[in-house]
Amino acid sequence: MNLLRPEKPAWAGPYHGGVTQSLLSTFQTCPLQFYLYAYCGLEETKALEPNLIWGDILHKGLEHLVAGDSIDTATAKMLVYQNKEYPTAPRTYQFSTRNMLKCYPLHKLQSWGGIYTEQHIEQEIELSAKHYCPITKLLLTQTFPVKLRGKVDLVAKDRTKFGDHKGKGKHAPHIDSLREEINQDLQMNLYSYCLGHIEHWYYDVIRIPEAMPRTPTQKVSETPEQWADRIFFTHSDMMNGFPICKAPGLWMYQINHFQPKEENIYYFETTIRPLIHKLQMWWEYVTHPDFDPEDPTFYNAIFYRAPVRNFNPTSTYSFKCRYHSYLIGKEPIENLRQVKSFYPELEEQKCPSKPQ
């Protein structure tokens with residue numbers, strides 16, 4: 001079996017499967033890498049990034065805390081989730097996420113009145129596009145339905161506000177930069193559009209203690225719990241934000257942003273819609289029965305291989321892109337594993353949403 005040319009695509013596509021922010025972000029990086037992921041259903045076997053694990057664990061606790069559970073109940077449910085999904089996670093994660101949950105400024109959400117958590121969104125839109133197909137040599141005009149999908153962390157009961165939680169490591173954005181750039185965030189604009197152009201956004205950035213360069217290391221004599229309690233409650237180094245409980249503003253900052261409906265529509269029309277058009281063109285191209293990803297003559301403005309070695313010192317910290325070992329010829333395609341789900345965030349068991 002040729003793994004590069006499976007009998008049918010692994011992903012159901014933009015018409016039937018639906019488009020998420022995650023899929024759009026993956027697609028815009030490199031059409032070939034997206035082909036490996038979405039059409040072939042292949043991904044790397046490398047371990048999950050530790051920061052993603054920590055952030056997902058805390059996210060589960062926030063999901064329950066904001067939904068109305070007590071801190072003890074939310075902590076207990078967070079621990080159950082960690083043991084189930086990440087049994088080999090560093091032992092400190094259990095206690096650092098617990099303490100961060102205790103420090104979370106829940107009072108800042110009181111003005112929302114009622115809050116629902118983990119809200120699934122799905123909206124079908126019709127897009128019209130004209131594009132030239134290099135295979136058929138025809139100019140195609142097509143109107144096609146596309147499902148926009150996602151899951152929003154927080155939505156006000158009166159649907160006047162929504163928000164998102166983000167766990168960040170040592171390269172967390174500076175709060176001033178975040179305030180300037182939040183209006184250009186793809187995910188927030190996509191969610192705002194699907195929610196009826198909600199204009200009030202709440203963006204949570206939570207720093208991960210284990211990922212910070214100036215976080216004190218665990219002493220030989222300390223248990224993971226003792227270490228977590230020390231950096232959160234007793235370690236004195238205010239210049240670097242310790243103890244964390246006395247400097248929450250350095251570890252958790254919430255951006256309250258107002259995005260007028262007109263600006264959200266403009267962003268959708270100039271960024272999201274063209275990106276979906278490009279994805280639709282790509283989909284029609286790679287699903288054509290004559291398409292051959294191993295023939296260089298099929299590579300063009302629709303389907304191409306982005307430079308594997310491409311380093312931008314202002315924004316990149318590694319040369320390695322996705323599928324790096326395969327793309328440089330170090331590992332065969334057989335070493336890639338099958339993608340389990342293209343919508344994992346939409347398929348997990350949902351926390352009962354309750355007003356806060």
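Since this is a predicted model, take the numbers as computed values, not measurements.
- In this structure, T270 has no side chain to side chain donor-acceptor pair (under 3.5 Å) partners at least two apart in sequence or on a different chain.
- F291 is linked by a ring pair (Phe, Tyr, Trp, His ring centres under 6.0 Å) to Y35, Y285, F298, F303, counting only residues two or more places apart in sequence or in another chain.
- Hydrophobic clustering, defined by side-chain heavy atoms of Ile, Leu, Val, Met, Phe, Trp and Tyr closer than 4.5 Å, leaves V220 isolated from every other such residue.
- A distance of 9.5 Å separates CG in N51 from NZ in K168, rounded to the nearest 0.5 Å.
- For W227 and F95, the ring centers sit 6.0 Å or farther from each other.
- Contact detail for W282 and P31: the closest heavy-atom pair is NE1-O, 3.4 Å.
- Taking the side chain to side chain donor-acceptor pair (under 3.5 Å) definition, one finds that D153 meets it with H59, sequence neighbours left out.
- Judged purely by distance below 3.5 Å, without hydrogens or angles, the side chains of T297 and D295 pair a donor atom with an acceptor atom.
- Side-chain atoms of T92 and E210 include a donor-acceptor pair closer than 3.5 Å.
- Among residues two or more places apart in sequence or in another chain, the side chain to side chain donor-acceptor pair (under 3.5 Å) test is passed with Q259 by N189, H257.
- Using modelled atom types, one finds a donor on one side chain and an acceptor on the other under 3.5 Å when comparing Y15 with Q280.
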For residues 179-186, which side-chain N or O atoms pair as donor and acceptor with protein atoms under 3.5 Å away, sequence neighbours left out?
from: D185; atom 1: OD1; to: Q187; atom 2: N; distance (Å): 3.1
from: D185; atom 1: OD1; to: M188; atom 2: N; distance (Å): 2.8

task: Start with the C-alpha distance between T160 and D158, add both sets of side-chain angles, then the distance that settles side-chain hydrogen bond (donor to acceptor under 3.5 Å, both in side chains), and finish with yes or no.
output: CA-CA 6 Å; T160 60; D158 61 6; 2.7 Å; yes

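- With no hydrogens or angles considered, a side-chain donor-acceptor pair links S25 and Q21 at under 3.5 Å.
- Residue F27 is tested with F342, Y37, F34 for a ring-ring contact (aromatic ring centres under 6.0 Å, His included); the sole match is F34.
- Between the side chains of D56 and Y81, a donor-acceptor pair is found at a separation under 3.5 Å.
- Formation of a donor-acceptor pair under 3.5 Å by the K147 side chain with backbone atoms of H16 is found in this model.
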